[in-house]
Amino acid sequence: MSGAPESGGRPVLLTVTGKQTDPEGNTQETANLYRAVQTRSGEGYLFFYRGNDTDVRLFVSRKNAWMQRGSRESARMVFDPSVPSVHCDYETAYGTIPMEIRTEKISVLGGGLRANDIPFSGRENSDLQARIRYKLVMGQDYELTCSVTVKTQRAN
C-alpha cells in the first residue's frame with residue numbers, strides 16, 4: 001500500500017461513516033469500508049489506506065483527529081475541539097475546496113483510548129470506535145452540520 005509504513009502496524013478493516021446536514025435540512029450519509037494499516041502514534045492511532053485512488057492518512061486520539069488525502073499538508077482536515085476553528089484546502093477528485101472546521105466533540109471508545117484509560121495500556125489491540133461532531137463552513141452563508149464515525153475490526 002503506497003504511503004503506508006514499511007513495517008509494523010496491524011491490518012484492520014476501517015469503516016468510515018460520514019453524515020452531513022445542509023442549511024436546508026437535507027441529510028446525506030455515506031459509509032465506506034477500507035483495508036487499512038493501523039499504527040500507534042503518540043496518544044492515538046494513525047491509519048493508512050487507499051481511498052478513491054488517493055493515499056489517505058487518518059489520525060485519531062482523545063484530544064484531536066485529522067485526515068489528509070494525498071501529500072499536501074495544507075489539505076489536512078484537522079478536528080480539534082480546543083480551538084475555535086481550523087482552515088484547510090480539502091482536496092477532492094473534483095478539485096480543491098477551501099473550508100473552515102469547527103469541531104464540537106470527539107468521543108472515543110475502545111482501543112485503549114477512552115478518557116479514563118492510560119494510553120496503550122495493553123488494550124490497544126481492541127477495536128476502536130470514534131465519533132467526531134463538527135461544523136463545516138464553506139463560504140459565508142453555507143454551514144454543514146457533520147459527524148464522522150470511525151470503526152475498526154481485525155482484518156483476516
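Put simply, the side chain of T149 does not reach to within 4.5 Å of the side chain of Q129, judged on heavy atoms. Contact of the Y134 side chain with the E104 side chain is not registered, since no non-hydrogen atoms from C-beta on lie closer than 4.5 Å. Put simply, the side chain of D80 does not reach to within 4.5 Å of the side chain of W66, judged on heavy atoms. Residues Q68 and F59 form no side-chain contact, since every pair of their non-hydrogen atoms from C-beta on lies 4.5 Å or further apart. Looking only at side-chain heavy atoms (C-beta outward), M77 and C88 come within less than 4.5 Å of each other. Using a 4.5 Å cut-off on side-chain heavy atoms (C-beta onward), S82 and N64 make no contact. In this structure, the side chains of T145 and Q20 stay at 4.5 Å or more apart for every pair of heavy atoms. Two residues are said to be in side-chain contact when any heavy atoms from C-beta on lie closer than 4.5 Å; L136 and I101 meet this criterion.
Among residues two or more places apart in sequence or in another chain, the ring-ring contact (aromatic ring centres under 6.0 Å, His included) test is passed with F47 by none. In this structure Y34 satisfies the ring-ring contact (aromatic ring centres under 6.0 Å, His included) test together with Y49, sequence neighbours excluded.
The two residues E29 and T17 make their nearest non-hydrogen contact at OE2-CG2, 3.4 Å. The two residues S85 and R102 make their nearest non-hydrogen contact at CB-CG, 3.9 Å.
The neighbour count for D141 CG, taken as heavy atoms of other residues, nucleotides or ligands under 6.0 Å away, does not exceed 12. By the 6.0 Å contact criterion, CD on Q28 is open, its count of non-hydrogen atoms from other residues, nucleotides or ligands being 12 or less.
Remark: R131 CZ to K151 NZ distance equals 10.5 Å, nearest 0.5 Å. One finds the CG atom of N32 at 9.0 Å from the OG1 atom of T15 (value rounded to the nearest 0.5 Å). The structure places CZ of R50 at 4.5 Å from CG of D55, a figure rounded to the nearest 0.5 Å. With rounding to the nearest 0.5 Å, the separation of OG in S107 from CZ in R62 is 13.0 Å.
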Quiz prompt | From CA spacing to verdict: side chain to side chain contact (heavy atoms under 4.5 Å, CB included), M99, V137 | solution = CA-CA 6 Å; M99 58 181 64; V137 182; over 6 Å; no
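Distance alone, capped at 3.5 Å, places no donor-acceptor pair between the T54 side chain and the G70 backbone.
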